[in-house]
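These notes concern the structure reproduced below.
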Amino acid sequence: YINLENGYYCMQPREVLVSADGRRLALVTVGVPTRVRVVKTRTGELVARRSFPSPGAKVSDFDGRRLVVGSYDGPTWWWDTEAGTLTKIVDRRAFADISADRLVVLTPNPRSPDAFCQRTVRLSRPGVVLWRACQDIPAEFSPNGHKMITWYINEDGIGPGVLQVRRQDGTVLRTFRAPLFF
């Protein structure tokens with residue numbers, strides 16, 4: 001925020017995501033609406049653009065052709081920039097790892113109205129739940145999606161003090177503890 005004499009001016013946050021092959025960039029201007037432009041990396045030529053009216057829409061992954069876009073209080077979408085299609089994946093906030101075929105869907109925590117639970121599903125088949133938890137959440141997936149690194153679901157600040165390597169069903173394989181934070 002910038003303080004002006006007559007009030008505050010809110011600057012729109014911007015994000016840049018690079019496709020896995022490095023050939024395209026997703027340029028995101030977060031706001032209401034959130035605007036996403038996909039451009040060629042070498043030339044800056046516009047490939048596609050779209051606005052998402054949901055507040056706080058966020059691109060969680062981009063494979064060069066498709067983007068997964070979710071928002072704080074709305075659905076999560078597949079946007080295929082080449083076909084020009086927009087397809088709803090789930091009705092909730094979620095984030096994806098396209099190459100690992102994983103989607104982490106945030107759900108209300110029945111024990112605390114200000115907290116979340118999560119269910120980890122296949123991105124290609126979101127009805128198939130691989131693991132669910134209210135205490136931990138995946139942070140990263142292995143390339144084939146069979147393993148993941150998790151941390152406490154309400155982690156904030158500098159970073160987590162505990163990381164766990166798990167199987168896709170949530171079974172803990174290894175726990176790492178840092179003296180302060182990772």
Side-chain angles (χ1 to χ4, degrees), residues 10-108 116-133 136-151 153 155 166-170:
C10 179
M11 296 176 58
Q12 292 184 320
R14 298 181 191 279
E15 299 174 348
V16 177
L17 286 91
V18 181
S19 65
D21 63 6
R23 294 182 181 184
R24 293 187 176 179
L25 301 173
L27 309 173
V28 184
T29 304
V30 179
V32 181
T34 292
R35 293 178 183 87
V36 182
R37 292 181 300 131
V38 176
V39 298
K40 292 182 180 178
T41 305
R42 286 186 180 218
T43 64
E45 177 187 341
L46 182 66
V47 174
R49 77 172 136 209
R50 182 174 283 277
S51 292
F52 294 87
S54 299
K58 184 162 179 65
V59 176
S60 66
D61 203 6
F62 172 45
D63 71 0
R65 174 183 167 182
R66 299 169 303 169
L67 296 96
V68 175
V69 182
S71 64
Y72 183 74
D73 63 352
T76 298
W77 303 91
W78 265 118
W79 174 29
D80 186 321
T81 62
E82 290 182 12
T85 58
L86 190 64
T87 308
K88 185 168 29 174
I89 305 170
V90 293
D91 284 322
R92 302 189 165 280
R93 180 180 179 189
F95 59 90
D97 183 323
I98 295 171
S99 64
D101 190 32
R102 295 295 179 263
L103 184 72
V104 179
V105 182
L106 299 179
T107 59
F116 290 102
C117 293
Q118 62 83 19
R119 66 179 191 260
T120 302
V121 301
R122 292 186 193 283
L123 180 56
S124 59
R125 296 183 61 206
V128 177
V129 177
L130 302 170
W131 177 55
R132 67 179 71 225
D136 297 297
I137 192 165
E140 294 290 332
F141 293 94
S142 64
N144 64 9
H146 293 154
K147 293 181 184 172
M148 58 190 161
I149 295 174
T150 65
W151 57 44
I153 197 166
E155 194 65 57
R166 296 175 184 260
R167 287 191 184 114
Q168 66 182 352
D169 67 358

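Taken from OG1 in T85 to CH2 in W78, the straight-line distance is 10.0 Å, to the nearest 0.5 Å. Atom OG1 of residue T81 and atom CG of residue D63 lie 8.5 Å apart, to the nearest 0.5 angstrom. Note: F95 CZ to Q118 CD = 7.5 Å, rounded to the nearest 0.5 Å. Put simply, CG on L103 and OG on S60 are 7.5 Å apart, with the number rounded to the nearest 0.5 Å. For the atom pair CG of D169 and NE2 of H146, the computed distance is 11.0 Å after rounding to the nearest 0.5 Å. Rounded to the nearest 0.5 Å, atoms CH2 (W79) and CG (L86) are 8.5 Å apart.
Summarising the geometry of C117 relative to P108, their closest heavy-atom pair is SG-O, 4.1 Å, with the distance given to 0.1 Å. Looking at every heavy atom in both residues, R35 comes nearest to S51 through CG-OG, 3.6 Å.
With sequence neighbours excluded, the residues forming a side-chain hydrogen bond (donor to acceptor under 3.5 Å, both in side chains) with E15 are K58, listed by chain and number. R119 meets the salt bridge (charged side-chain N to carboxylate O under 4.0 Å, His left out) test with no other residue; sequence neighbours excluded. Among residues two or more places apart in sequence or in another chain, the salt bridge (charged side-chain N to carboxylate O under 4.0 Å, His left out) test is passed with D101 by none. The salt bridge (charged side-chain N to carboxylate O under 4.0 Å, His left out) test applied to D91 returns K88, not counting sequence neighbours. Residues passing the salt bridge (charged side-chain N to carboxylate O under 4.0 Å, His left out) test with R24 are E82, sequence neighbours excluded.
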Let me see the working for R102 and M148 under side chain to side chain contact (heavy atoms under 4.5 Å, CB included), right down to the final yes or no.
-> CA-CA 10 Å; R102 295 295 179 263; M148 58 190 161; over 6 Å; no
Given the rule in the side chain to side chain contact (heavy atoms under 4.5 Å, CB included) test, do F116 and T107 qualify, once you have shown the distances and angles that lead to the verdict?
-> CA-CA 6 Å; F116 290 102; T107 59; over 6 Å; no
Going through the checks in order, is the side chain to side chain contact (heavy atoms under 4.5 Å, CB included) test met by L25 and V16?
-> CA-CA 7 Å; L25 301 173; V16 177; 4.1 Å; yes
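When V18, V38, V36, V69 are each tested for a side chain to side chain contact (heavy atoms under 4.5 Å, CB included) with F62, only one passes: V38. No option in I98, D61, D97, T76 other than I98 meets the side chain to side chain contact (heavy atoms under 4.5 Å, CB included) test with L123. Between V121 and the choices V90, V104, V105, I89, the side chain to side chain contact (heavy atoms under 4.5 Å, CB included) rule is met once, by V105.
Under the 3.5 Å distance criterion, with hydrogens and angles disregarded, a donor-acceptor pair is assigned to the side chains of R14 and T29.
Screening residues 41-57 for salt bridge (Lys or Arg N to Asp or Glu O under 4.0 Å) gives K40-E45 as the qualifying pairs, with residues at least two apart or on separate chains.
With hydrogens and angles ignored, the 3.5 Å screen pairs a side-chain donor or acceptor of S142 with a backbone N or O of K147.
Summarising the local packing, CZ of R65 is surrounded by more than 12 heavy atoms from other residues, nucleotides or ligands at distances under 6.0 Å.
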